[in-house]
Amino acid sequence: MWRKYRKVMEDRKHQDAKAVNLNALRTAIRVLMRKDPDSAQVKSLLDRATQIRNRALHDASFCFATPLLVAVKKNEEEHVYRPISIYGTDDKIIDRLTARYLRDSFDFCFSPSSLAFRGKLEGQNAAVTHHDALRRITGFRERHSRVYVAEADLRNFMDSISHQVVRDSLHKLTLQGRSLRPDLRISTRAIRILDAYLSSYSFSQVVLGQGLERLRKRDPIASFPWPIETLRRMHQCDDLSKIGIPQGGALSCFLTNLVLHEADEAVEQLRKPGRPEIEYLRYCDDMLILSSDAALCEAAMTAYIDVVERKKLPMHEPVEICVPATKGKTKSAFWDLKSKRPYLWARPADSGVPWIQFAGYQIRHDGSVRIRSKSLKKHRKKLTEEADKLLSIINPGKKYRDGLPVYAPGLRMDRHQIEHFFRMKLVALSVGRRQWWQPLPSCGDDIKPLCWAHGYRGLWQVRFDSSGLKELDRHRDRQLRRIRHCLRHLDTPKGNAKGKSTKKKKRRFYGAPFSYHGQFVQSMDQNPVPLPRPLPWIRRLRSAVAATAKRWLKCFLD
């Protein structure tokens, strides 16, 4: 019933499919409740809503059920997994509504440097994202010719948060919020739901207990990393049953900003008139400090570490960066370093590190930006897995007969149809469901939501290196050629339905509007990338050639 209330493409106004479906569902429910309020569907919906509301607001013994644990591969070679918690539908609704209430109540207290899981700040039309960090980093670099950078990353952040630290942080934030807004009132029922959320999960019991036992049935050497010895030393006890918050819950996103709010304030306090400028950015547990003064950058790093240690959160040990950055180690080893002491962000010729990395982007000292190589590699792997999945369906077991692949019987599509649908799937995955009549994006908001390119729309704000995007286009074409090559011997129904033309259709060309690079090509015209400066020996060679040509020309004229 609800599908007929979906908006047509022209009326969506850049809404994603999730928002369109949600609006259609709401419209269908309102129409059904008005026209047929005694129907079984309406009664069932109202009973379910009343049950959830009574359980959340009035049940004296309210508690969350233990979440279902899903192991997601973090490092395939070392068999390391990440524990993701999934709650039931009713618990998930209560979790999300409570998280929204607490976020909206306390968001004015959080620092503008906190960029993850935020709402709309006052005076802004959109929520804060990591794309704003990219704009602030490039803007700081334009204002200062010499910049020092410090980075920090916490170890197993959500898995190492103490429940008591969460409660103490919430109490302090409530007092701070009331000092700023005396009329602030927080529902005691929301605090009760938050306590129940913490009580439903413990890393040592849920993950290292039942979760690890189930995981090792399919992977005997699997592991969930957890700094247990470091936590015992920090908490000075062996009982770690009240440590860890669920990864994947909406309340956990709010709790990350709650716990690290004091660290944000400690660094922000170093910003004083008359002192060198400092730029501090934090996305969840990843932190970046920029300053034009090395001593101030070191002081900000020390202030952040002091608060983290007081919160009893383990952190990757900060490493002193050698100059050049790759001295004694490979470039990949440099990027794998989680926490780095202050270092100069400049050309290698100036004894500096040319690139820094934050929130999926890598920024060069001259302002040029590129996507992190690990993110590109991960997406290329995703495209390859999609092709492998299709091949496993049409050729299960990779069977061969007389040197030719044997395809699954019962297929009702010919090879051209299979290739077309697979191409459309890769296009939707990469740049969204674009139509033929739609032009190239003219800004970052024109990129279709719920696709890979939309996650890097911050490239519209800056100059960027397009080589990674072009490589993704080439890799997507390689997967299409794989499918096309394997479909040549596909035994499927031939011929056309009655009444249809037997003339072969002209194959369409899916060009720039459907490519990764095409989503940002107009941004390159607005933010051109400067040509790289020639190497010193090339400059000397050019000078020598020019001088020789000048002498020969003078001799010829004489």
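Computed from a predicted model, the values in this text were never measured in an experiment.
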Charged N to carboxylate O under 4.0 angstrom, [X] versus [Y]?
| X | Y | value |
| --- | --- | --- |
| R55 | D91 | yes |
| E213 | K217 | no |
| D195 | R167 | yes |
| R341 | E298 | yes |
| R474 | E471 | yes |
| D132 | R135 | yes |

For D264, the side-chain contact (heavy atoms from CB on, under 4.5 Å) test, sequence neighbours excluded, returns S111, S114, Y280, R282

With sequence neighbours left out, the residues meeting side-chain contact (heavy atoms from CB on, under 4.5 Å) with A359 are H130

One pair to check against side-chain hydrogen bond (donor to acceptor under 3.5 Å, both in side chains): R423 and H420. What are the steps and the verdict? CA-CA 5 Å; R423 181 195 298 273; H420 172 74; 5.6 Å; no

Identify the two heavy atoms, one from [X] and one from [Y], that lie closest to each other, and give their separation to 0.1 Å.
| X | Y | result |
| --- | --- | --- |
| P318 | I305 | CG-CD1, 4.0 Å |
| K311 | V259 | CE-O, 3.3 Å |
| W345 | V353 | CD1-O, 3.2 Å |
| L134 | G458 | CD2-O, 3.5 Å |
| L383 | Q479 | O-CG, 4.0 Å |
| K448 | G432 | CB-CA, 3.8 Å |

When rounded to the nearest 0.5 angstrom, what distance separates [atom1] in [X] from [atom2] in [Y]?
| X | Y | atom1 | atom2 | result |
| --- | --- | --- | --- | --- |
| L391 | L487 | CG | CG | 7.5 Å |
| R189 | D59 | CZ | CG | 6.5 Å |
| S430 | R476 | OG | CZ | 4.0 Å |
| K92 | I86 | NZ | CD1 | 6.5 Å |
| L170 | F106 | CG | CZ | 5.5 Å |
| I245 | H163 | CD1 | NE2 | 8.0 Å |

Step through the shown structure and confirm whether more than 12 heavy atoms of other residues, nucleotides or ligands are within 6.0 Å of [atom1] on [X].
| X | atom1 | result |
| --- | --- | --- |
| R216 | CZ | yes |
| Q417 | CD | yes |
| H316 | NE2 | yes |
| R96 | CZ | no |

Please evaluate residues F224 and L212 with respect to the criterion side-chain contact (heavy atoms from CB on, under 4.5 Å), reporting the C-alpha separation (whole Å), side-chain torsions for both, the decisive distance (0.1 Å), and the verdict. CA-CA 7 Å; F224 292 109; L212 186 59; 3.8 Å; yes

Legend entry - Residues T129, R457; criterion side-chain contact (heavy atoms from CB on, under 4.5 Å); working and verdict: CA-CA 11 Å; T129 64; R457 60 189 183 276; 4.3 Å; yes

Give a yes or no on whether the backbone of [Y] and the side-chain of [X] come within a donor-acceptor separation of less than 3.5 Å.
| X | Y | answer |
| --- | --- | --- |
| D238 | R232 | no |
| R141 | H365 | yes |
| S200 | T66 | no |
| D107 | R118 | no |
| D285 | F157 | no |
| K340 | L337 | yes |
| D153 | S339 | no |
| S252 | P246 | yes |
| N75 | E78 | yes |

Between [Y] and [X], do the side chains contain a donor N or O and an acceptor N or O under 3.5 Å apart?
| X | Y | result |
| --- | --- | --- |
| R155 | S160 | no |
| E268 | S113 | yes |
| H517 | D473 | no |
| E151 | Y343 | yes |

Residue pair K389, E385: steps toward the salt bridge (Lys or Arg N to Asp or Glu O under 4.0 Å) verdict: CA-CA 6 Å; K389 189 185 301 182; E385 289 175 351; over 6 Å; no

Can you confirm if the aromatic rings of [Y] and [X] lie within a centre distance of less than 6.0 Å?
| X | Y | value |
| --- | --- | --- |
| Y516 | H379 | yes |
| W460 | F464 | no |
| F203 | Y201 | no |

Less than 4.5 Å apart, side chain to side chain, heavy atoms only: is that true for [X] and [Y]?
| X | Y | value |
| --- | --- | --- |
| F520 | S466 | no |
| Y101 | L97 | no |
| L290 | I137 | yes |
| Q205 | S241 | yes |
| S162 | H235 | yes |
| D286 | L281 | no |
| Q247 | N156 | no |
| F64 | I193 | yes |

message: Before you tell me yes or no, could you show the steps for E76 and Y81 under side-chain hydrogen bond (donor to acceptor under 3.5 Å, both in side chains), namely the whole-Å CA-CA distance, both residues' side-chain angles and the distance that decides it to 0.1 Å?
response: CA-CA 8 Å; E76 189 171 359; Y81 291 79; over 6 Å; no

- CA sep, side-chain torsions, deciding dist, call: T384, R482, side-chain contact (heavy atoms from CB on, under 4.5 Å): CA-CA 10 Å; T384 305; R482 278 183 63 198; 3.8 Å; yes

The single option from R372, H131, R370 that satisfies side-chain hydrogen bond (donor to acceptor under 3.5 Å, both in side chains) with Y361 is H131

| Can L198 and L251 be said to form a side-chain contact (heavy atoms from CB on, under 4.5 Å), step by step? | CA-CA 10 Å; L198 296 174; L251 275 169; over 6 Å; no

